[in-house]
Number of protein chains: 2
Amino acid sequence: MYDLIIIGGGPAGMAAAVYAARKRLDTLLTANDIGGQMNWTTGIENYMGYQFIEGSDLIEKFEAQVNHFPVDQKIGQKVARITKIDSGFEVVSESGNKFQSKAVLLATGKRPRRLNVPGETELTGHGVSYCAVCDGPIFAGQKVAVIGGGNSALEAALDMVRIAEHVELVSATPLTGDTVLIEKLSNAKNLRTFLGHQTEEILGKDLVEGIVIKDLRTGEHKKLDATGVFIEIGLVPNSDMVRSLIKLNQFGEVPVNCSCETEIPGLFAAGDVTTVPEKQIVIAAGEGAKAALQAHRYLQRLAR
Amino acid sequence: MYDLIIIGGGPAGMAAAVYAARKRLDTLLTANDIGGQMNWTTGIENYMGYQFIEGSDLIEKFEAQVNHFPVDQKIGQKVARITKIDSGFEVVSESGNKFQSKAVLLATGKRPRRLNVPGETELTGHGVSYCAVCDGPIFAGQKVAVIGGGNSALEAALDMVRIAEHVELVSATPLTGDTVLIEKLSNAKNLRTFLGHQTEEILGKDLVEGIVIKDLRTGEHKKLDATGVFIEIGLVPNSDMVRSLIKLNQFGEVPVNCSCETEIPGLFAAGDVTTVPEKQIVIAAGEGAKAALQAHRYLQRLAR
């Protein structure tokens with residue numbers, strides 16, 4: 001029986017682990033991986049304390065901080081469900097392992113949203129990627145397409161104009177990302193932008209050969225050549241494991257108040273899986289710290 | 001006319017400045033000082049990204065990040081009041097300077113209630129701390145004193161009996177904090193409590209060596225050995241400048257929702273000056289980033 005089980009190994013989960021351990025809570029950290037979405041980013045320019053740091057380096061620093069404390073860790077384990085038991089909660093992994101605790105902190109983050117168009121599933125890993133940071137270099141000197149108009153799409157496009165021969169940026173909406181990124185992209189000579197264009201199909205048999213896009217204004221279809229397609233259209237919360245326990249919002253996010261409390265006493269949530277706005281490392285880390293301190297207060301009251 | 005005036009140079013204000021600048025907002029940062037409460041902390045062991053860093057070093061890193069962007073700065077200037085004007089807000093300094101903006105972000109933090117005894121000012125950061133959560137672990141295995149009788153003092157004492165060799169808890173009044181905390185403390189073997197005792201002096205030349213306390217009943221003075229002194233007699237929000245603009249809560253804090261919005265459109269608040277719980281650098285930085293991004297969204301809507 002742990003005091004606290006933290007689910008998720010991104011910035012929220014790791015910050016929570018450090019804060020829980022500093023409060024001497026008997027803590028289990030369980031996660032698919034260490035780093036979460038930080039694994040998909042190259043350079044980080046907006047984490048306070050570092051003017052610039054590689055994603056992998058910041059993960060290492062967070063991880064070292066966690067490892068400094070006696071926090072039990074089960075990494076590489078997917079959580080299937082969380083259930084309420086008399087003494088607190090039971091966390092069950094997909095492989096059937098069970099762990100119990102007085103409180104749970106959900107920090108499972110988000111995963112990339114899929115386009116759901118023909119060719120996407122078949123060609124994932126054969127030219128279709130959800131992580132330009134991870135897979136970008138494979139397409140050096142080739143023609144690629146980036147789908148999306150937010151920060152992650154713009155960052156992917158910025159990465160790829162340096163790596164690829166040519167980049168097609170396709171977005172159904174206007175560009176919504178940071179002005180600084182839009183400005184940087186405007187200088188790229190090997191970029192073509194299609195706004196108000198929807199991606200309809202990914203072409204190719206064994207490997208990606210191109211995409212079909214549709215002009216939402218005229219209805220006209222175009223075929224663009226590409227050997228790589230980076231889908232960067234947003235994120236879906238990893239909240240399935242509490243779907244039977246609490247009511248999620250319309251986006252599948254876990255509703256929390258400003259103290260990271262869910263509707264169930266003892267169940268806390270932090271970071272991108274929650275309704276807290278803005279998806280940023282420093283925000284997730286702050287929310288994780290806050291949630292762990294609130295969980296500590298909850299456990300103190302419980303011990304009465 | 002600025003897009004955004006950020007008031008406060010602590011972690012919330014500096015994070016907000018970086019995020020506002022990355023959104024290309026025309027921004028003024030005005031503050032009494034750079035660093036805020038980070039200036040009063042010895043070593044920082046709980047800012048994610050650094051296993052250990054001196055407060056002054058982390059301030060420098062945050063400051064360098066702000067200075068990387070074209071953010072106007074007025075440091076060393078106290079804000080007297082903020083008033084609503086047709087086009088947004090007017091911020092008036094104590095010396096009479098006036099600045100206008102479409103949105104304002106209040107990140108003025110809190111200040112510790114001070115004991116006002118000899119040695120307190122000189123030894124702050126050299127054994128005198130106003131934050132056991134932040135600085136407690138530095139005094140592992142040492143003798144410390146905690147001054148105060150409310151929840152923050154009791155929590156500090158509870159933290160420290162687990163960390164320090166011995167804890168002296170000194171309060172001029174009876175203990176006013178939660179019973180659960182008082183009960184827990186009663187089990188501590190390494191705690192001595194002096195109620196009805198006033199702290200008269202903090203001893204030490206370069207580092208804290210002890211305190212002098214006075215029995216308010218008998219008038220008798222005692223000297224207690226300690227290398228750390230935690231003054232936990234409360235914090236005061238720096239919210240006077242909006243007192244005529246919005247309704248503060250009973251503690252003088254600025255009420256905000258989870259998006260850092262106050263009751264007045266265009267007036268945002270972040271960090272320790274707000275009702276958001278827990279007072280930590282990483283939490284304040286996260287809230288500052290969040291508030292700046294929300295201010296950016298507000299300005300985008302305004303421009304429509």
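All of these numbers come straight from a predicted model, not from anything done at the bench.
Heavy atoms closer than 4.5 Å to chain A are found in the side chain of B:Asp159, but not in its backbone. Neither the backbone nor the side chain of B:Asp57 comes within contact range of chain A; no heavy atom of the residue lies under 4.5 Å from a heavy atom of that chain. Both the backbone and the side chain of B:Ala289 come within contact range of chain A, each with at least one heavy atom under 4.5 Å from a heavy atom of that chain. Proximity to chain A is limited to the side chain of B:Leu158, based on heavy atoms less than 4.5 angstrom apart. Contact annotation for A:Asn67: neither backbone nor side-chain heavy atoms come within less than 4.5 Å of a heavy atom of chain B. B:Glu287 touches chain A through its side chain: at least one heavy atom from C-beta onward sits under 4.5 Å away, while N, CA, C and O do not.
Of all residues spanning residues 272-281 of chain A, those with a heavy atom less than 4.5 Å away from chain B's heavy atoms are A:Val276, A:Pro277, A:Glu278, A:Gln280, arranged by number.
Rounded to the nearest 0.5 angstrom, A:Asp178 CG and B:Leu293 CG are separated by 7.5 Å. Separating the CZ atom in B:Phe52 from the NE2 atom in A:His68 is a distance of 10.5 Å, to the nearest 0.5 Å. Atom CE in A:Met14 sits 6.0 Å away from atom CE in B:Met48 (nearest 0.5 Å).
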What verdict does the ring-ring contact (aromatic ring centres under 6.0 Å, His included) test give for B:Tyr50 and A:Tyr50, after you've listed the backbone C-alpha separation in whole Å, the side-chain angles of each residue and the deciding distance to 0.1 Å?
CA-CA 10 Å; B:Tyr50 291 96; A:Tyr50 291 96; 4.6 Å; yes
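Using a 4.5 Å heavy-atom cutoff, the side chains of A:Arg22 and B:Glu45 are in contact. A heavy-atom distance below 4.5 Å is found between the side chains of B:Ile163 and A:Arg24.
Note on residues 1-16 of chain A: pairs passing salt bridge (Lys or Arg N to Asp or Glu O under 4.0 Å), not counting sequence neighbours, are A:Asp3-A:Lys102.
Between B:Glu155 and A:Lys23 there is no salt bridge, since none of the side-chain N atoms of the basic residue sits less than 4.0 Å from a carboxylate O of the acidic one.
Summarising the geometry of B:Asn46 relative to A:Tyr19, their closest heavy-atom pair is O-OH, 3.2 Å, with the distance given to 0.1 Å. What you find for A:Gly286 and B:Ile283 is that their closest heavy atoms are O-CG1, 3.3 Å.
When the shell of 6.0 Å around NZ of A:Lys61 is examined, it contains 12 or fewer heavy atoms from other residues, nucleotides or ligands.
The closest donor-acceptor contact from the side chain of B:Tyr47 to the backbone of A:Gly49 lies at 3.5 Å or more, if one exists at all.
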